[in-house]
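Numbering of ligands and ligand atoms starts at 1, following listing order. Residue numbers start at 1 and run along the sequence shown.
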Amino acid sequence: MDFKKLKRCTFAIISHPDAGKTTMTEKILWYGGVIHKVGMVKSKTGDFATSDWMELEKQRGISITSSVMSFAYQDRLMHLLDTPGHKDFSEDTYRTLTAVESVLMMIDSAKGVEAQTIKLMEVCRMRNAPMATFMNKLDRESLTPLDLIENVEKICSIHCTPITWPIGFGSDFKGIYHLYEDKIILFTKEKNPQDHKIIPAENLKNKELPALLGEAGFNQLKEDVEFIRDAIEPFSLDDYLAGVQTPVFFGTALYNFGVQELMQFLGPNAPAPSACEAITLDKELKPLSTRMVAPEEEAFSGFVFKVQANMDKKHRDRISFLRICSGEFKRNDKVFHVRTQKEVRIATPVFFVSRDREIMEEAYPGDIVGINGAYQIGDTFTLKENIVFTGIPSFAPEIFMKVTLKDPLKAKHLEKGLLQLSEEGAVQLFKRQINGDKILGAVGALQFDVVKFRLTDEYNVRADYEGLPFKGIRWPKFPSEKRQQEFSIQYAASVLFDHKGRFVVSFQDSWELKMMEEKNKDVHFYNNSDYR
Ligand code: G4P
């Protein structure tokens, strides 16, 4: 297959655990021809257990790490970036979202938008990422479709426009009506869409419909469609691409029903790689200005959005996931690593085609390439230009722990381990201004478990971990250096530095943060390291 000719579509699924993300991933991969047998993604021990890399994952039976699945669909090369389902690893998900052009939001139709989806939505909103929505599990008791739409509009502040519409739900689920193709697809539990019966609806005038859908189902459908055509804005490609309107699909991922319509939408409409914002730097790596790097630019550029250690335990490897932003990337090309200002040759880049890793010969904007080496999240590669891509921020952690060594002779091991784990993004590392204490920050407690496990397992370090009463941190931006100095004296005990040496302030509760903000109105307090 000539991959060069295929337009890229790089996307991720966001959802609350149990909404059906894994089931949907499996079906999408089925459409992409990657898997031929249902049940391969779900199986934690089967062929397709891509996320079984870490011992701890196996012990806990949870999926912590995220991966990339690439496949051809229509004239696109799709890259589906998997995200961890467990909320304690949402930082990993946030960063993965910086590398995609669009997202698919999965909703359990009995529950509507749930807590974790709201958080992830906020990250998508920061970037106005186009979003399609799939209302799942219609084969069970559900909220009404209009309630679901209202729920999404209210919570996610986005306009919904249905592309398909359900006829009944639960044991009365009869099928879906395609509002733009004017056809009805009757629900059966056959998982191959070729076995689904399709009826031309003739603007709902087809005389067969009342018998096929039942009088009540048919009348409800007529009423709903009248309302939709009257009161809901029709689909607009521009609004979808601008991230202000989400096309909505209904169905059940379990029975592969309604998924085909979603795929047929994504094929032609999901956004192609777009321009990425970068900061241009001078020779001392001080910021000069910002510029948009367009995918059409000839010179190669890309950034690391994720680092994954131990994909292959035997080789103790560390793979960095590089998202290509512009130009062409060829195996063995020399590229410029901006942070170290060094040229590097990337000899064994890998591509995650189907379910294998393959050596990649060339890659194009939108592609995700795995590279070996001690790279960090946010590292930028170019041909020669001194730029760094923005939009790969650290997000404010919510729980904090102080680490102290049990064996002082292992100080170097601890230093190395913590630095590497923070570069990988497994945890955030801070240093306290007043005493140099090492403080770890995480979004969820499980993240600490992983760090503790890996420090012992990989770095042979035994340490004590003591919970700290901080509730959060902010990255402040000061109007002048003088103000920063005054602030760091006044709030000396609360000042920390992150692993990149950026000034950070901690607080014990929301009241303390509020007071800090009120007393320092000229300072902006950001909850991410991108200061936005
Ligand atoms: P997640 O990755 O978002 O956490 O969800 P996952 O796909 O694992 O789905 C969670 C549960 O919901 C699974 O059931 C799955 O089979 C079920 N499910 C997903 N989509 C549908 C759907 O459209 N209809 C119905 N009825 N169920 C659906 P489980 O009992 O936890 O696992 P399993 O024993 O079925 O594998």
Side-chain angles (χ1 to χ4, degrees), residues 11-31 34-35 37-52 57 60-69 80-90 92-93 96-97 103-121 131-143 145 148 164-176 185-193 196 248-263 444 446:
F11 71 114
I13 304 179
I14 59 170
S15 67
H16 194 82
D18 263 357
K21 184 167 65 87
T22 314
T23 313
M24 179 59 105
T25 302
E26 180 190 69
K27 298 305 179 301
I28 291 178
L29 294 179
W30 184 83
Y31 284 97
V34 176
I35 60 171
K37 190 172 81 191
V38 173
M40 286 167 79
V41 175
K42 282 212 69 76
S43 148
K44 289 261 190 283
T45 48
D47 302 2
F48 203 72
T50 48
S51 57
D52 248 357
E57 281 189 323
R60 303 238 175 181
I62 51 170
S63 167
I64 299 171
T65 47
S66 46
S67 58
V68 185
M69 287 159 269
L80 172 55
L81 274 55
D82 190 18
T83 50
H86 200 287
K87 74 170 174 25
D88 283 7
F89 299 95
S90 42
D92 201 9
T93 305
T96 296
L97 293 178
V103 294
L104 167 63
M105 176 163 73
M106 292 278 295
I107 289 179
D108 181 336
S109 298
K111 299 184 175 150
V113 183
E114 294 172 86
Q116 207 177 321
T117 315
I118 299 174
K119 265 191 162 180
L120 297 173
M121 263 298 300
M131 182 172 86
T133 302
F134 190 86
M135 306 289 191
N136 193 28
K137 304 196 184 182
L138 260 292
D139 58 309
R140 289 192 179 166
E141 285 304 301
S142 305
L143 301 173
L148 282 166
T164 59
W165 194 255
I167 306 153
F169 53 75
S171 53
D172 270 340
F173 185 43
K174 295 285 189 311
I176 49 174
I185 303 114
L186 292 179
F187 176 59
T188 61
K189 293 189 171 174
E190 300 300 332
K191 289 183 181 162
N192 189 337
H196 297 156
V248 179
F249 299 81
F250 292 84
T252 132
L254 184 64
Y255 295 108
N256 197 0
F257 188 82
V259 183
Q260 174 158 257
E261 290 64 34
L262 169 76
M263 291 304 289
L446 262 179

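Of all atoms in ligand 1, numbered sequentially from 1 with element shown, those under 4.0 Å from a heavy atom of Lys21 are 1 (P), 2 (O), 3 (O), 5 (O), 7 (O). Remark: ligand 1 atoms within the under-4.0 Å shell around heavy atoms of Ala253 are 23 (O). Counting atoms of ligand 1 from 1 in the listed order, those under 4.0 Å from a heavy atom of Pro17 are 4 (O). In summary, the atoms of ligand 1 found under 4.0 Å from a heavy atom of Thr23, numbered by their order in the structure, are 6 (P), 7 (O), 9 (O), 15 (C), 19 (C).
Between Tyr255 and ligand 1, a contact under 3.5 Å exists for no N or O pair. Close N/O approach between Met24 and ligand 1 is not found [any backbone or side-chain N/O within under 3.5 Å]. Where the criterion is an N or O separation shorter than 3.5 Å, residue side chain and backbone included, Leu254 meets it with respect to ligand 1.
At a heavy-atom cutoff of 4.0 Å, ligand 1 is contacted by the side chain of Asn136 but not by its backbone. For Thr252, heavy-atom contacts with ligand 1 shorter than 4.0 Å involve the backbone as well as the side chain.
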Test Met135 against Phe249 for side-chain contact (heavy atoms from CB on, under 4.5 Å), laying out the working first.
CA-CA 6 Å; Met135 306 289 191; Phe249 299 81; over 6 Å; no

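Between Phe187 and Phe173, the ring planes are tilted. Angles from 30° to 60° get that label.
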Show me the donor-acceptor pairs within less than 3.5 Å that the side chains of residues 103-115 make with the rest of the protein, sequence neighbours left out.
unit_1: Asp108; atom_1: OD1; unit_2: Ala110; atom_2: N; d: 3.0
unit_1: Ser109; atom_1: OG; unit_2: Asn136; atom_2: N; d: 3.4
unit_1: Ser109; atom_1: OG; unit_2: Asn136; atom_2: O; d: 2.7

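Side-chain contact between Asn192 and Trp30: present, with at least one pair of heavy atoms (C-beta onward) separated by less than 4.5 Å.
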